[in-house]
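Only this structure's heavy atoms are used, side chains among them; waters, hydrogens and symmetry mates stay out. Counting starts at 1 for both ligands and their atoms, following the listed order.
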Amino acid sequence: MARGLQISDEESGYNKNLFCIPKHYEEDLETVFIPHGLILDRTERLARDIMQDMGSHHIVALCVLKGGYKFFADLLDHIKALNRNGDKSVPITVDFVIIKSYCNVLVVEDIIETGRTMKALLSKLKDNEPKMVKVVSLLVKRTHRSPSYRPDYTGFEIPDKFVVGYALDYNEYFRDLNHICILKEKAKEKYRI
Ligand code: IMP
């Protein structure tokens, strides 16, 4: 299950007119690629898998800003629910890529493309000699550019397409969109800086 829910290269997504989309983004989006409800359902299961592996010690959940903030908040809500309702529970503290001494670290990322960003962060974290480091990424992109890095937990493995929404942005826009959607090419022009 380490590769996450596979979305094939042929998948084009869902007709956006069947979903609620903010008016200001309607003409910019091709399709709804991963609906919000599916993101939350997959996140619930990731929370369970993570707690099975890491739930014996205090966990520092490290949010990689800015794109990771929605996934981070929803993942932690599910982990907190497990803590409330399970036979055992562990304290969770949160941090936002501020390097300190950590015990167990769960790095929460939105998307991994080549893995360069994550490798750089992990090499910084190593200096602090954490007891255990695990990485969860909501999305992993299938790309031939440098497909060398794999997180410990993956929500969805997606084709090599540019996606926005659920805090993923294009030049800071589209974070205020619930679903993960495919951006139209001409919208890249519109929001280019
Ligand atoms: P990597 O270092 O190549 O793995 O790139 C990861 C970073 O690129 C992420 O943290 C995002 O900020 C950004 N990124 C890559 N693909 C996308 C995408 O499809 N939508 C939005 N941001 C992306």
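By the 4.0 Å heavy-atom criterion, Lys119 is excluded from the residues contacting ligand 1. By the 4.0 Å heavy-atom criterion, Asp169 is counted among the residues contacting ligand 1. Using a 4.0 angstrom heavy-atom cutoff, Val164 does not count as in contact with ligand 1. Heavy atoms of Gly67 come nearer than 4.0 angstrom to ligand 1 in no pair at all.
Closest heavy-atom approach to atom 17 (C) of ligand 1 within the set Met118, Lys141, Arg175, Lys66: this belongs to Lys141.
Counting only heavy atoms of the protein, atom 20 (N) of ligand 1 lies nearest to Val163 O, 2.7 Å. With hydrogens left out, the protein atom closest to atom 18 (C) of ligand 1 is Phe162 CE1, 3.4 Å, a heavy atom. Looking only at heavy atoms of the protein, atom 3 (O) of ligand 1 is closest to Thr114 OG1, 2.5 Å. In terms of protein heavy-atom proximity, atom 8 (O) of ligand 1 is closest to Glu113 OE1, 4.4 Å. Considering only non-hydrogen protein atoms, atom 2 (O) of ligand 1 sits nearest to Thr117 OG1, 2.4 Å. Taking atom 14 (N) of ligand 1 as the reference point, the nearest protein heavy-atom neighbour is Ile111 CG2, 3.8 Å.
Counting only heavy atoms from C-beta outward, the side chains of Lys126 and Val133 never approach each other to under 4.5 Å. Looking only at side-chain heavy atoms (C-beta outward), Phe156 and Leu138 come within less than 4.5 Å of each other. The closest side-chain heavy-atom distance from Asp74 to Tyr166 is below 4.5 Å.
The pair Asp49-Arg45 meets the salt-bridge criterion, with a side-chain N (NZ, NE, NH1 or NH2) lying under 4.0 Å from an Asp/Glu carboxylate O. Between Glu26 and Lys23 a salt bridge is recorded (basic side-chain N to carboxylate O distance below 4.0 Å).
Pairs passing the salt bridge (charged side-chain N to carboxylate O under 4.0 Å, His left out) check and including a residue from residues 160-175, sequence neighbours excluded, read Lys66-Glu172, Arg145-Asp160, Asp169-Arg175, Glu172-Arg175.
The distance from ligand 1 to the heavy atoms of Asp110 drops below 4.0 Å at these ligand atoms: 10 (O). Listed by number with element, the atoms of ligand 1 under 4.0 Å from a non-hydrogen atom of Lys161 are 19 (O).
In the displayed structure, Tyr14 atom OH is contacted under 6.0 Å by at most 12 heavy atoms of other residues, nucleotides or ligands.
Not a single protein heavy atom sits closer than 4.0 Å to atom 12 (O) of ligand 1.
Classified by interplanar angle (parallel below 30°, tilted 30° to 60°, perpendicular above 60°), the ring pair Tyr191/Tyr173 is tilted. A perpendicular orientation is assigned to the rings of Phe162 and Tyr170, their planes being inclined by more than 60° (bins at 30° and 60°).
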